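Given the structure is predicted, the values throughout are model-derived calculations rather than measurements. Throughout, a chain's letter reflects where its sequence line sits, starting with A, and its residues are numbered from 1.
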Amino acid sequence: MIVASWNVNSISVRLPQVLDWITANEPDILCLQETKVVDERFPKAEFEELGYQLAVYGEKTYNGVAIASKLPLANVQKGFKVEVGPGSRRLIAADAGPLRILNVYIPNGSAVGSDKYYYKLAWLSALKNHIDESYRRDDLLIMCGDFNIACEDRDIYNPEEVAGTIMCSDVERKALNAVKDWGLIDVFREHHQDSGLYTWWDYRMGAFRRNVGFRIDHIWASRPLAPLCKAILIDREPRKLERPSDHAPVFAEFDVTIAS
DNA sequence: ATGGTGGATGGTCCA
């Protein structure tokens, strides 16, 4: 079973690229972030024509998450039970066959010490509580999405230059590690140890051409599920297209049987 | 050097 995650930076703009990518790669589940449309305007029919069910939780202009799945989705949950602050739409969860999917768009945080940074930390705390309340350690859980945090220096092109700044400050890394300590595994690092492997490159300054990137989009798996991951890749090809998202999709294959 | 690029918007805000 193939599970993918992609921050598309507007599903309206990126729809043709996303549909092409789905056709080429045939993921069973695709988690999207930064869809930037209200639910009524999400292009559901185009996904349904390719055989996918949709669960969407979006808003105008900002944020927005969605799950497209070939398997029927059940127990769809949108947002935290009690939202953090103004309550932007950044979390959607559902069960798909044997898997429990948690798709998150963790706040960017803008700059260390800013109001948005403290919102990011509060959101991470709420995420930890949400997982504690919602899942069991023996669930086949995937938490994926745009985490907006590079966990280690090898996830960053120029760690010395950006040390302590947004997406790699110690405090936000610790807050994310507190989530991870529930029992989640960064599946990508089970399969790849190299630096230079990124999922996001700024649109500016020719960052992609120079591979000035960050690995901030992740697929994490619970302890019983992680060993079933047979392969995981970042697909850089869509980032090379005209009018790309600034993020590349990440996708993982899990050797799980689908009960009928 | 606080720049630069892209998306949604219709003023700027966000990333």
Side-chain angles (χ1 to χ4, degrees), chain A residues 5-21 31-43 46 56-66 79 83-92 103-124 127 144-151 155-158 160-169 171-173 175-176 198-218 234 236-250:
Chain A
S5 176
W6 194 1
N7 178 323
V8 292
N9 188 15
S10 168
I11 189 60
S12 304
V13 172
R14 227 65 64 196
L15 182 62
Q17 293 183 17
V18 173
L19 297 177
D20 284 350
W21 192 85
C31 294
L32 301 171
Q33 305 88 35
E34 278 207 273
T35 52
K36 295 186 174 180
V37 285
V38 294
D39 297 350
E40 301 74 46
R41 300 179 76 103
F42 194 100
E46 288 86 342
V56 299
Y57 188 49
E59 58 187 281
K60 194 169 79 168
T61 308
Y62 304 119
N63 311 310
V65 284
E83 282 291 6
V84 182
S88 47
R89 297 185 166 193
R90 298 172 174 278
L91 182 153
I92 189 165
N103 176 21
V104 296
Y105 174 46
I106 295 175
N108 170 281
S110 187
V112 172
S114 67
D115 289 348
K116 291 193 182 73
Y117 181 72
Y118 293 112
Y119 175 70
K120 182 180 199 173
L121 296 177
W123 205 92
L124 285 163
L127 177 60
C144 66
D146 177 359
F147 290 14
N148 267 313
I149 294 174
C151 300
D155 298 323
I156 306 168
Y157 172 79
N158 49 353
E160 301 85 6
E161 278 178 50
V162 300
T165 63
I166 199 66
M167 297 195 294
C168 52
S169 71
V171 173
E172 61 193 293
R173 280 176 168 174
L176 183 57
Y198 309 128
T199 65
W200 173 80
W201 303 261
D202 201 301
Y203 284 123
R204 298 166 286 192
M205 310 294 285
F208 181 65
R209 178 176 47 78
R210 298 185 291 136
N211 198 29
V212 178
F214 288 67
R215 192 175 72 92
I216 56 175
D217 299 85
H218 300 290
I234 299 162
R236 297 163 55 96
E237 293 305 313
R239 188 65 176 79
K240 300 174 182 173
L241 300 172
E242 294 239 359
R243 285 190 96 192
S245 169
D246 42 354
H247 295 253
V250 185

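Taking atom CZ on A:R209 and atom P on B:dG4, their separation rounds to 17 Å, with Å as the unit. Atom CG in A:L15 sits about 16 Å away from atom C1' in B:dG7, given to the nearest Å. One can place CG of A:N7 at 16 Å from P of B:dG6, the figure rounded to the nearest angstrom. Following rounding to the nearest Å, A:E59 (CD) and B:dC13 (C1') show an atom-to-atom distance of 13 Å. As a whole-Å value, the separation of A:Q17 CD from B:dG6 C1' is 13 Å. In this structure, CD of A:Q33 is placed 16 Å from C1' of B:dG7, rounded to the nearest angstrom. Taking atom CE on A:M167 and atom P on B:dA15, their separation rounds to 11 Å, with Å as the unit. In this structure, CD of A:E161 is placed 15 Å from C1' of B:dG3, rounded to the nearest angstrom.
Between A:W200 and A:H247, the ring planes are tilted. Angles from 30° to 60° get that label.
Where A:R204 and A:N63 each meet DNA chain B at their nearest nucleotide, the meeting point lying more 5' is that of A:R204. Between A:N148 and A:T61, the one whose closest nucleotide on DNA chain B sits nearer the 5' end is A:T61.
When the side-chain nitrogen and oxygen atoms of A:R90 are compared with OP1 and OP2 of B:dA15, one or more of them lie within a distance under 4.0 Å. At B:dG7, one or more side-chain N or O atoms of A:R14 fall inside 4.0 Å of OP1 or OP2 (strictly under the cut-off). Within the 4.0 Å cut-off from OP1 or OP2 of B:dC14, at least one side-chain nitrogen or oxygen of A:K116 is found. A close approach under 4.0 Å does not occur between any side-chain nitrogen or oxygen of A:R243 and OP1 or OP2 of B:dT5.
Nucleotides B:dG11 and B:dA1 have their P atoms positioned 34 Å apart, rounded to a whole Å. Remark: the separation of the P atoms in B:dT9 and B:dG4 is 24 Å, to the nearest Å. Comparing the C1' positions of B:dT2 and B:dA15 gives an interatomic distance of 16 Å, to the nearest angstrom.
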| task | Take A:V104 and A:R90, measure what side chain to side chain contact (heavy atoms under 4.5 Å, CB included) needs, and give me the verdict at the end. | result | CA-CA 6 Å; A:V104 296; A:R90 298 172 174 278; over 6 Å; no
| request: Apply the test side chain to side chain contact (heavy atoms under 4.5 Å, CB included) to residues A:I149 and A:F214: give CA-CA distance (whole Å), side-chain angles for both, the deciding distance (0.1 Å), then the verdict. | output: CA-CA 8 Å; A:I149 294 174; A:F214 288 67; over 6 Å; no
| Worked verdict on A:W21 versus A:R14 for side chain to side chain contact (heavy atoms under 4.5 Å, CB included) | CA-CA 11 Å; A:W21 192 85; A:R14 227 65 64 196; over 6 Å; no
| message | Apply side chain to side chain contact (heavy atoms under 4.5 Å, CB included) to residues A:S245 and A:Q17 and explain how you reach the verdict. | response | CA-CA 9 Å; A:S245 169; A:Q17 293 183 17; 5.7 Å; no
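Relative to the side chain of A:K60, the nucleotides B:dA8, B:dA15, B:dT9 differ in distance, and B:dT9 lies closest. Distances were taken from every side-chain heavy atom of A:E34 (C-beta onward) to each of B:dC14, B:dA8, B:dA15; the shortest belongs to B:dA15. Listed nucleotides B:dT9, B:dC13, B:dA8 differ in distance to A:Y62; the shortest reach to its side chain belongs to B:dC13. For A:Y203, taking side-chain heavy atoms from C-beta onward, the closest of the listed nucleotides B:dG6, B:dT9, B:dA8 is B:dG6.
Among the atoms of the strands shown, only primed sugar atoms or phosphate atoms (P, OP1, OP2) are found under 4.0 Å from some heavy atom of A:Y105.
Taking a 6.0 Å sphere around CG of A:D115, one finds it holds 12 or fewer heavy atoms contributed by other residues, nucleotides or ligands.
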